[in-house]
> 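Sending over a structure as structure tokens; questions will come in a sec.
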Amino acid sequence: MENSVFPQRLPFHPRPPTEESTVIGNTDAVRCWECFWEFWNYETPKVIVVKNHNLGILYRAMQLLILIYFIWYVFIIQKGYQESETGPESSVITKVKGITHSHDKVWDVEEYVKPPEGGSVFSIITRVEVTHSQTLKTCPESMAVPNATCISDSDCIAGKMDMLGNGERTGRCIPHYSGTVKTCEILAWCPVENGGAISDSLGKMAPQFTILIKNSIHFPRFGFSKGNIKDDKNGYLKRCTFNETSDLYCPIFRLGFIVEQAGENFTELAEKGGVIGVIINWNCNLDLPDSACNPRYSFQRLDPKTIQESSGYNYRFAKYFNCNGTNTRILIKAYGIRIDVIVHGQAGKFSLIPTIINLATALTSVGVGSFLCDWILLTFMNKNKVYSTRKFDQGPILQPLTVRGSCTSCQAKAPPLTFTCFLFTADPPGRSSLLSTATWAGPCVSRQQGGITGTMTEDKAILT
């Protein structure tokens with residue numbers, strides 16, 4: 001035990017107020033100074049070896065799993081040592097080629113591809129419903145329009161326009177094109193669509209249509225650019241079609257191939273229409289040569305075919321002309337396959353910062369095993385109290401002991417004076433041992449004070 005100062009109220013000759021104030025002030029200053037230096041102490045955790053094989057196996061197994069996770073998944077699969085960039089700048093240009101025919105005409109690219117600009121989204125018409133020779137006049141409304149049927153003229157309000165209808169009502173109730181059912185008369189492009197539409201299919205040759213998809217990407221962070229077409233001046237694109245193994249850089253796809261890769265039946269899709277996504281994915285490891293950065297193509301139907309109300313794809317357009325001085329048009333309801341070209345990408349390159357961060361995270365995560373094993377040891381093990389006592393040092397706890405001692409060696413003749421106290425245990429009776437020597441600041445009444453008692457802590461005694 002080290003010597004320590006025991007502040008207490010003195011039993012003899014109280015000090016004058018001025019001297020006591022001086023002692024208290026000096027004591028406070030010492031305490032503040034000690035607190036200041038206490039801040040600069042170094043603390044280190046206590047290491048305790050617990051000889052329990054089951055707990056040791058669990059601890060090492062957790063460490064192994066954590067290391068496997070970081071080495072295999074974080075660093076190998078996710079390439080945690082690289083700086084990455086997603087969402088490259090991309091451009092897509094498309095071009096469709098092929099001809100087909102229906103029962104009364106030949107269709108070329110200019111007619112069945114909409115829009116013709118060659119962007120990343122376009123449609124190929126596979127079936128049409130044509131309403132010929134529409135002119136502006138009066139005719140019966142379609143029975144497919146809600147509230148279009150009528151019994152008398154009072155059921156048709158003149159001037160009313162139904163947003164789901166085809167024209168403006170005249171106020172008359174007239175027979176429909178066939179049968180005894182009557183509908184309201186309208187002023188519109190007549191005959192209306194459902195009255196005289198003729199269905200015509202273009203699907204016979206459509207699977208052989210070819211689609212060129214030119215794509216180039218750029219990762220601005222790394223200054224890396226690449227395209228999906230082979231640099232060949234010998235007319236390579238004129239004699240090739242896409243093959244993932246032999247012709248990866250020939251992005252010419254047959255329409256039937258795209259539909260097949262999306263898992264669809266071409267005949268059914270051409271009848272009602274649908275949306276197919278052509279997904280181009282660039283996953284580039286820029287630590288490798290540029291030749292290792294290649295596009296990967298996948299195909300998927302995007303419209304929900306299981307929901308009848310929202311599946312399929314169709315739109316309307318008209319062709320206008322003048323016949324004998326009368327404005328006339330042909331209304332076409334087109335069903336087709338819409339192609340959406342979608343480009344994804346990610347590039348990565350070695351960087352010191354993410355490497356250090358992931359290494360630090362891995363080393364920190366290894367400590368999770370210690371936390372779990374400590375929790376098991378403190379909660380479920382039979383010797384948890386013993387381990388807790390060894391693991392966590394408790395603060396000073398007063399342990400009442402009967403002590404006896406004497407104070408000798410008066411150091412000066414003017415108060416306050418310092419005595420050297422020799423403290424001995426008195427428990428158990430009949431046996432005694434030297435605990436410590438300490439100092440006591442007080443007046444020098446005699447050179448020996450006997451019968452001193454008090455309480456004992458781990459590092460000091462409080463005399464009474």
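All figures in this text were calculated on a predicted structure; none of them were measured in a lab. We're numbering straight along the sequence, starting at 1.
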> Calculate, to the nearest 0.5 Å, the distance between atoms CG and CH2 belonging to N327 and W189 respectively.
5.5 Å
> For K79 and V74: C-alpha separation, side-chain torsions, deciding distance, then whether side-chain contact (heavy atoms from CB on, under 4.5 Å) applies.
CA-CA 6 Å; K79 295 181 175 59; V74 175; over 6 Å; no
> Does either side chain, that of R338 or that of Y313, offer a donor lying less than 3.5 Å from an acceptor on the other one?
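No, because no side-chain N or O of R338 sits under 3.5 Å from a partner of the opposite role on Y313.
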> Evaluate side-chain contact (heavy atoms from CB on, under 4.5 Å) for I337 paired with V275, printing each intermediate quantity in order.
CA-CA 6 Å; I337 301 174; V275 183; over 6 Å; no
> Report yes if the side chains of I353 and E83 come closer than 4.5 Å at any heavy-atom pair, otherwise no.
no
> Got more than 12 heavy atoms from elsewhere within 6.0 Å of CZ, F36?
yes
> side-chain contact (heavy atoms from CB on, under 4.5 Å), that's the test. Do N166 and I186 meet it? Break it down for me.
CA-CA 8 Å; N166 294 289; I186 58 171; 3.8 Å; yes
> When you compare the side chain of I307 with that of P304, does any pair of heavy atoms fall below 4.5 Å?
yes
> If you define the side chain from C-beta out and look only at heavy atoms, does anything of I356 sit under 4.5 Å from L352?
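In short, these two side chains touch, coming nearer than 4.5 Å.
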> If the condition is ring pair (Phe, Tyr, Trp, His ring centres under 6.0 Å), which residues does Y335 pass it with, not counting sequence neighbours?
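Applying ring pair (Phe, Tyr, Trp, His ring centres under 6.0 Å) to Y335 gives none.
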> Using 4.0 Å as the upper bound for N to carboxylate O, is an ion pair formed by R316 and E193?
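So E193 pairs with R316 through a salt bridge.
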> Are D303 and R301 ion-paired here, with the side-chain N under 4.0 Å from a carboxylate O?
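Yes, D303 and R301 are salt-bridged.
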> Indicate yes or no: does K105 engage E111 in a salt bridge with an N to O separation below 4.0 Å.
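Salt bridge: yes.
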> Would you say C240 and C250 have SG atoms less than 2.5 angstrom apart?
yes
> For the side chain of D153 and the backbone of C173, is there at least one donor-acceptor N/O pair under 3.5 Å apart?
yes
> So, for Y73 and F75, is the gap between ring centers shorter than 6.0 Å?
no
> Under a 3.5 Å threshold, yes or no: a donor from one side chain and an acceptor from the other, between D340 and S120?
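There is no such pair between these side chains.
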> Under 4.5 Å between any side-chain heavy atoms of Q346 and C284, yes or no?
no
> Tell me whether the count of non-hydrogen atoms from other residues, nucleotides or ligands lying under 6.0 Å of NZ in K349 goes above 12.
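Not more than 12 within 6.0 Å, no.
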> Could you check I217 against F219 for side-chain contact (heavy atoms from CB on, under 4.5 Å), going step by step and ending with a plain yes or no?
CA-CA 7 Å; I217 52 100; F219 292 99; 3.6 Å; yes
> Side chains of I124 and K114, heavy atoms from C-beta outward: is any pair under 4.5 Å?
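Answer no - side chains too far apart.
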> Could you walk me through whether R169 and E141 pass salt bridge (Lys or Arg N to Asp or Glu O under 4.0 Å), step by step?
CA-CA 9 Å; R169 295 183 180 183; E141 177 64 282; 5.8 Å; no
> So do the side chains of Y81 and N358 get within less than 4.5 Å of each other, counting heavy atoms only?
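In short, these two side chains do not touch, never coming nearer than 4.5 Å.
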> Below 2.5 Å, is that where the SG pair of C150 and C156 sits?
no
> Less than 4.0 angstrom from a charged side-chain N to a carboxylate O is my criterion; do K160 and D162 meet it?
no
> When you look at CG of L288, are more than 12 heavy atoms from neighbouring residues, nucleotides or ligands closer to it than 6.0 Å?
yes
> Is it the case that atom CG in N147 sees more than 12 heavy atoms from other parts of the structure closer than 6.0 Å?
no
> If you take all heavy atoms of T328 and S133, which pair is closest and at what distance?
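Minimum heavy-atom separation between T328 and S133: CG2-CA, 3.6 Å.
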> Given side chains that start at C-beta, do those of V259 and N265 come closer than 4.5 Å, heavy atoms only?
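In short, these two side chains do not touch, never coming nearer than 4.5 Å.
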> Look at atom CG of L67 and say whether more than 12 heavy atoms of other residues, nucleotides or ligands are closer to it than 6.0 Å.
yes
> Are R127 and S199 packed together at the side-chain level, in the sense that at least one heavy-atom pair is separated by less than 4.5 angstrom?
yes
> Could you check, using the six-membered ring where one of them is a Trp, whether Y297 and F253 have ring centers closer than 6.0 angstrom?
yes
> Only one of W107, Y112, F266 passes ring pair (Phe, Tyr, Trp, His ring centres under 6.0 Å) with F209; say which it is.
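Only one of W107, Y112, F266 forms a ring pair (Phe, Tyr, Trp, His ring centres under 6.0 Å) with F209, namely Y112.
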> Taking atom types as modelled, find out whether N228 and W282 have a side-chain donor-acceptor pair closer than 3.5 angstrom.
no
> Taking atom types as modelled, find out whether E185 and T170 have a side-chain donor-acceptor pair closer than 3.5 angstrom.
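Present: a donor and an acceptor within the cut-off.
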